[in-house]
Amino acid sequence: MVMLPIYKKLKIFSKQSEEAKYFSKNLNDWLIKKGIESQIIENVQDLEKEEIKDIDALIVVGGDGSLLIASRRVAKYGIPLIGINLGRLGFLTEINKEEAYEKLEELFSKPLCVSKRMMLRATLKRNGKEILTADVLNDVVVNKAILARIVDVAVYVGDRYITTYNGDGIIVATPNGSTAYALSAGGPIVYPPLEVFVLVPICPHTLTDRPIILPTTEPITIKIVSEEKDAWLTLDGQEGTQLFYGDEIIVKQSPYYTFIVRTPYKNYFDILREKLNWK
């Protein structure tokens, strides 16, 4: 955990919904009355502007999806994110709207605790040429199209071959992303501060294909070895591109991190019990 000074200059990134916009406007007015410089950002492209790096923190109003969008765009600036949840689950946006003002008052009254989360860097190569490179917080997914048959992907760690997975696809997740798609696919829950890769096959044809935890010291390479089968690369479940036979996806640890402000009254296991209905 990292201790940070009290913040004085903030921006609010609002989800594109009437509820989020209304809440963000009231929150912005409240912050200004508190003597905090604040401004609402509704356009995603504005998160990528150079002046964003001058703020002390970014408040994200929406849900975990909104925080993922913000994280991919501001991670290079090391800006801490404060999530306010208007959605249903909220593993990342742990402050709900009913308690937002009370908890923000508490957070801003003392130095803040920030959790440092590793990210992934995915590079797609086709015929030896780099097609795209992206940094993500949760996961890199290679999976079949909705109506396609199983997809075959050969997976390597460094230059060492693991196996060829036959099934609906493969997930490479961070510990932060272990409670997202990877969990639904049967992967383990991994404590977020750890820095490891979580490799999870999706509905594998061979039942002995199991999830693997791998170190981040070597990249994971996924090769599409299915001919004439429709496959897709999806980043954080939000951005995608079609894949073709022979494509390679290289996944390694990103040089960037996402910094998430944590509330002192709730730890990670409290969140798991609440969100997963543990007793």
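Quick note: residue numbers are just sequence positions, from 1.
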> Can you give me the closest heavy-atom contact between K116 and F259, atom names plus distance?
CG-CE2, 3.7 Å
> Does a side-chain heavy-atom distance below 4.5 Å link S71 with L81?
yes
> State whether the side chain of S17 and the backbone N or O of A20 hold a donor-acceptor pair below 3.5 Å, judged by distance alone.
yes
> In this structure, are over 12 heavy atoms from other groups packed under 6.0 Å from N267 atom CG?
yes
> Looking at Y268 versus F91, is the centre-to-centre ring distance below 6.0 Å?
no
> Any chance you could lay out the side-chain contact (heavy atoms from CB on, under 4.5 Å) test for I249 and T221, step after step, and finish with the verdict?
CA-CA 6 Å; I249 302 93; T221 299; over 6 Å; no
> Linking I/L/V/M/F/W/Y whenever their side-chain heavy atoms sit closer than 4.5 Å, directly or via other members, would V155 and W232 fall into one cluster?
no
> Following the transitive rule for hydrophobic clusters with a side-chain heavy-atom cut-off under 4.5 Å over Ile, Leu, Val, Met, Phe, Trp and Tyr, establish whether L92 and I271 coincide in one cluster.
no
> Please report the closest heavy-atom contact between D139 and A180, naming both atoms and the distance.
OD2-CB, 4.2 Å
> With heavy-atom distances below 4.5 Å as the criterion, would you say the side chains of Y191 and F269 are in contact?
yes
> Once rounded to the nearest 0.5 Å, what's the spacing between atom CZ of F23 and atom CD of E19?
9.0 Å
> Does one hydrophobic cluster hold both V114 and I84, with members joined at side-chain heavy-atom distances below 4.5 Å?
yes
> Between the side chains of Q242 and D230, is a donor N or O closer than 3.5 angstrom to an acceptor N or O?
yes
> Once you round to the nearest 0.5 Å, how far does CD1 of I222 lie from CD1 of I250?
9.5 Å
> Considering only heavy atoms from C-beta outward, does the side chain of Y101 approach that of L27 to under 4.5 Å?
yes
> Can you list everything that forms a side chain to side chain contact (heavy atoms under 4.5 Å, CB included) with T217? Sequence neighbours excluded, please.
P215
> Counting only heavy atoms not in K15, do more than 12 fall under 6.0 Å of its NZ?
no
> If you round to the nearest 0.5 Å, how far is NZ of K103 from CD of E106?
5.0 Å
> S38 and I12: which non-hydrogen atoms are nearest, and at how many Å?
OG-CD1, 3.8 Å
> Take atom CZ in F244; do more than 12 heavy atoms of anything else shown fall under 6.0 Å from it?
yes
> If you measure from CH2 on W278 to CZ on R273, what distance do you get to the nearest 0.5 Å?
9.0 Å
> Nearest heavy-atom pair of G83 and L67: which atoms, and what distance?
CA-CD1, 4.1 Å
> Linking Ile, Leu, Val, Met, Phe, Trp and Tyr through side-chain heavy atoms less than 4.5 Å apart, which residues share a cluster with Y245?
none
> If you measure from the Lys or Arg side-chain nitrogens to the Asp or Glu carboxylate oxygens, is any gap between K252 and E218 under 4.0 Å?
no
> Only one of R126, K129, K125 passes salt bridge (Lys or Arg N to Asp or Glu O under 4.0 Å) with D247; say which it is.
R126
> Take D135 and R121, measure what salt bridge (Lys or Arg N to Asp or Glu O under 4.0 Å) needs, and give me the verdict at the end.
CA-CA 4 Å; D135 297 293; R121 172 163 290 180; 2.9 Å; yes
> Please round to the nearest 0.5 Å and tell me the distance separating atom CD of E239 and atom CG of D236.
8.0 Å
> Using side-chain heavy atoms (C-beta onward) and a distance below 4.5 Å, is Q39 in contact with I41?
no
> Would you say the side chain of Y165 lies within less than 4.5 Å of the side chain of D152, judging by non-hydrogen atoms?
no
> Pairing donors with acceptors under 3.5 angstrom, does anything connect the side chains of Y161 and T164?
yes
> Taking side chain as C-beta onward, heavy atoms only, is V141 less than 4.5 Å from Y181?
yes
> If you apply the rule side-chain contact (heavy atoms from CB on, under 4.5 Å), what do you find for V136 with R72, and how did you get there?
CA-CA 6 Å; V136 300; R72 294 197 299 275; 4.0 Å; yes
> In terms of hydrophobic clusters joined by side-chain contacts under 4.5 Å, are M118 and L137 together?
no
> Just list the side-chain donor-acceptor pairs under 3.5 Å for residues 201-212, sequence neighbours left out, or say none.
unit_1	atom_1	unit_2	atom_2	d
R210	NH1	L207	O	3.4

> In sequence, state the C-alpha distance, the side-chain angles, and the governing distance for I170 and V151, and then conclude on side-chain contact (heavy atoms from CB on, under 4.5 Å).
CA-CA 9 Å; I170 193 82; V151 64; over 6 Å; no
> First locate atom OH of Y257, then atom CE of M119, and finally report the distance between them rounded to the nearest 0.5 Å.
11.0 Å
> Under 4.0 Å between a side-chain nitrogen and a carboxylate oxygen: does that hold for K8 and E37?
no
> Please tell me whether Q45 and R73 have a donor and an acceptor in their side chains that are separated by less than 3.5 angstrom.
no
> List the steps and the verdict of side-chain contact (heavy atoms from CB on, under 4.5 Å) for L132 and T241.
CA-CA 10 Å; L132 67 83; T241 188; 3.8 Å; yes
> Check each of N176, D64, T174 against N138 using the side-chain hydrogen bond (donor to acceptor under 3.5 Å, both in side chains) test, and report the only one that passes.
N176
> Kindly give the heavy-atom pair with the smallest separation between I95 and A100, and that separation in Å.
CG2-CA, 3.7 Å
> Taking the side chain as every heavy atom from C-beta outward, state whether I52 and Y77 have any pair of such atoms under 4.5 Å apart.
yes
> Taking L183 as the fixed residue, which of V190, I189, V198 is the one that meets the side-chain contact (heavy atoms from CB on, under 4.5 Å) rule?
I189
> Do you know which two heavy atoms are closest between S14 and K21, and how far apart they sit?
OG-N, 3.6 Å
> For residues V61 and N85, determine if any side-chain heavy atom of one lies less than 4.5 Å from a side-chain heavy atom of the other.
no
> Less than 4.0 Å between a side-chain N and a carboxylate O, is that true for K33 and D29?
no
> Under a 4.5 Å side-chain heavy-atom rule over Ile, Leu, Val, Met, Phe, Trp and Tyr, are L31 and L58 clustered together?
no
